[in-house]
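The structure under discussion appears below in the form of C-alpha cells.
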Amino acid sequence: MVSEIAAASAPPLPLAAIVIDWFHANRRDLPWRRDGFTAWGTLVSEFMLQQTPVSRVIPHLEDWLTRWPTPADLATVPPGEAVRAWKSLGYPRRALWLHACAVAITEEFGGVVPDDVDALLTLPGIGDYTARAVAVFAYGGRHPVVDTNIRRVIARVVDGNADPGPPNARRDLPAMESLLPGDRAASVAFNAGMMELGAIVCVARAPRCDGCPLSEACAWRLAGYPAYDGPRKAVQKKYEGSDRQVRGLVMAELRASHIPVTRAELETLWPDSAQRERAIAGLVADGLAVENPDGLVLP
DNA sequence: GAATCGTGGCG
DNA sequence: TCGCCAAGATT
C-alpha cells in the first residue's frame, strides 16, 4: 500500500516556484514531452529509462512505439519479440516485464494503463519510481517522484551534502513530498523540473552551479562544497569477465539468431564452460531463454 | 539489506 | 586506462 505522507504544515514554495520557472524556460525537447504522447508511451519510456541514459533510449523508444503503439499490440506477440526488440538497452528482463505489463494491462485493465499508484505497483517491473512517474507524467497526479536526479538535488540544496547516499524510500519520498506544491499542475512541473535540474545542471560529477537557479539557496554551496562523508553506494563490480558479461554475450547471440543457438556456437562465445553454463542456466531461470532439443531460443 | 542484473559514455 | 555513473526493480 502507498501511504502518501501529508504535506508538512509550512508551505515551502519559493523553491518550487524557482524550479518550475526554470523548467519552463530550459526543458529539453524529449519524445515523452511531445503533445499527444500516450500513457503507454510514458510507461515504455520509463521502463527503458531505468538505469539507461536518455541518449540511448530515444532511438529504441521510437521504434518500439511505432511497432507496438498500444499495450494490446505488444500483448499479442511472444515475449521473445519484446526481448529481441530491446536490442542492447541492457537489463533485458525489463523487456520481459514490459511485455508482462502489456498482457496484464490488456487482460485486467481493459487495455488502459492504470492511473493509480497502487494499481501500477501491482504490475511486474514497476516499483516506487516508475509507478509514480507514470501516475504523474502520464496522468497529472499529485505524488512525489523520486529518482536518482531528485535525490541528488535534495541532498545538495536542502541537506548540504554532495551525495545522497543509498536510496531509502522511507526517507526520500517524504523529503520530496515536503517540497511538493499543493497545486496538481505545479506539482507535475516541479517533479519534472527537479529531475531535469539534476540531469543537466546538478549532475553527479561536475555540477554546473553557474547555471543553477538554486545556487543562491543551495546548502551545499553555502557550506563550501564539503566532500561527502556518509555511507557510500555499493561499489559496482567489474564487468569484464563477470557472469553479467557472459549473459550479455549469450543474449546478443539469441537476439541475432532466428533459429536455435547450439551449445557448440555458445562455446565459441566464452571458453570457461562452468561460467558459460551458469549464465545459460540463469537466463533460463529468468525466462529470458528457453532450452529446446536443437538449442537455445528466445521465449 | 545486500547482491544481482547490461551496456556504453565520459573524465 | 579505469572507475563512476545512468528517469530502478527484484529477490
Side-chain angles (χ1 to χ4, degrees), chain A residues 23 27-28 30-33 41-61 83 86-98 100-101 120-138 143-153 162-173 176 188 191-200 202-207 228 231-255 278-279 281-283 285-289:
Chain A
F23 180 59
R27 52 180 248 159
R28 291 169 294 176
L30 298 171
W32 43 92
R33 294 177 180 163
T42 299
L43 180 56
V44 173
S45 72
E46 293 299 348
F47 261 86
M48 291 183 172
L49 288 163
Q50 292 170 359
Q51 297 288 281
T52 301
V54 167
S55 58
R56 290 180 54 205
V57 163
I58 290 175
H60 296 299
L61 177 65
V83 174
W86 200 251
K87 308 284 183 170
S88 60
L89 279 170
Y91 292 140
R93 42 187 175 202
R94 290 182 292 169
L96 224 42
W97 286 331
L98 182 52
C101 276
L120 286 159
L121 284 170
T122 68
L123 297 171
I126 295 190
D128 273 329
Y129 166 74
T130 305
R132 289 179 172 75
V134 171
V136 169
F137 300 131
H143 310 277
V145 176
V146 174
D147 77 326
T148 188
N149 292 304
I150 289 181
R151 293 194 320 106
R152 187 173 53 249
V153 173
D163 186 288
N168 178 348
R170 286 261 175 284
R171 183 201 67 191
D172 299 336
L173 284 171
M176 185 60 177
V188 173
N191 278 310
M194 288 284 277
M195 288 177 68
E196 190 76 344
L197 195 57
I200 67 182
C202 192
V203 296
R205 306 244 186 127
Y228 178 70
R232 295 297 301 178
K233 290 182 279 282
V235 183
Q236 199 165 307
K237 285 187 185 168
K238 189 163 80 170
Y239 183 67
E240 281 295 319
S242 68
D243 286 4
R244 301 168 74 168
Q245 183 182 23
V246 185
R247 287 171 57 110
L249 289 170
V250 173
M251 287 308 299
E253 201 66 21
L254 294 186
R255 285 196 306 270
R278 193 163 63 239
L283 291 170
D286 290 343
L288 284 165

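Computation of the quantities below employed the complete heavy-atom set of this structure, encompassing side-chain atoms and omitting hydrogens, waters and symmetry-equivalent molecules.
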* Keeping the roles fixed (side chain from A:Ser45, backbone from A:Thr42), state whether a donor-acceptor pair exists under 3.5 Å. => yes
* Asked: In whole Å, what separates the P atom of C:dC4 from that of B:dA3?
  -> 16 Å
* **N/O donor-acceptor pair under 3.5 Å between A:Arg152 side chain and A:Cys202 backbone** => yes
* Asked: Roughly how many Å is it from CZ in A:Arg171 to C1' in B:dG1, rounded to a whole number?
  -> 15 Å
* For nucleotides C:dT11 and B:dG6, find the distance between their P atoms and express it as a whole number of Å. => 14 Å
* Of A:Ile126 and A:Glu46, whose closest DNA chain C nucleotide lies nearer the 5' terminus? -> A:Glu46
* **Expected output: side-chain A:Arg94 to main-chain A:Phe47 donor-acceptor under 3.5 Å** => yes
* Which part of the nucleic acid, if any, lies within contact of A:Lys238, taking any heavy atom under 4.0 Å across all strands shown: a base, the sugar-phosphate backbone alone, or nothing? -> nothing
* Tell me, with the steps shown, if A:Tyr129 and A:Glu46 meet side chain to side chain donor-acceptor pair (under 3.5 Å). => CA-CA 9 Å; A:Tyr129 166 74; A:Glu46 293 299 348; 2.7 Å; yes
* Near-strand residues of residues 145-153 of chain A, defined as heavy-atom separation under 4.0 angstrom from DNA chain C -> A:Asp147, A:Thr148, A:Asn149, A:Arg152
* Name the nucleic acid region contacted by A:Ala204, choosing base, sugar-phosphate or nothing; use a 4.0 angstrom heavy-atom cut-off, strictly under. => sugar-phosphate
* How would you label the contact of A:Arg278 with the nucleic acid (heavy atoms, under 4.0 Å): base, sugar-phosphate, or nothing? -> nothing
* To do: Determine, step by step, whether A:Met176 and A:Val145 satisfy the side-chain contact (heavy atoms from CB on, under 4.5 Å) criterion, reporting the C-alpha distance in whole Å, the side-chain angles of both residues, the deciding distance to 0.1 Å, and the verdict.
  => CA-CA 7 Å; A:Met176 185 60 177; A:Val145 176; 5.9 Å; no
* Could you tell me from which nucleotide to which nucleotide of DNA chain C, 5' to 3', there is an atom under 4.0 Å from chain A heavy atoms? => C:dG3 to C:dT10
* Rounded distance in Å between the P positions of B:dA2 and C:dA7 -> 23 Å
* A:Arg247 (side chain) donor-acceptor with A:Ser242 (main chain) under 3.5 angstrom -> no
* Give A:Thr130 one of three labels, base, sugar-phosphate or nothing, depending on what nucleic acid heavy atoms sit under 4.0 Å from its own. => sugar-phosphate
* Is there a donor-acceptor pair under 3.5 Å between the side chain of A:Trp86 and the backbone N or O of A:Gly90? -> yes
* Contact class for A:Trp86 vs. all strands (heavy atom < 4.0 Å): base, sugar-phosphate, or nothing? -> nothing
* Nucleotide by nucleotide, 5' to 3', does protein get under 4.0 Å of the base (B), only the sugar-phosphate (S), or neither (-) in nucleotides 6-11 of chain B, counting heavy atoms? -> BBSBBS
* A:Arg170, CZ atom: more than 12 neighbouring heavy atoms under 6.0 Å -> no
* First encountered from the 5' end of DNA chain C, between A:Val54 and A:Trp97 -> A:Val54
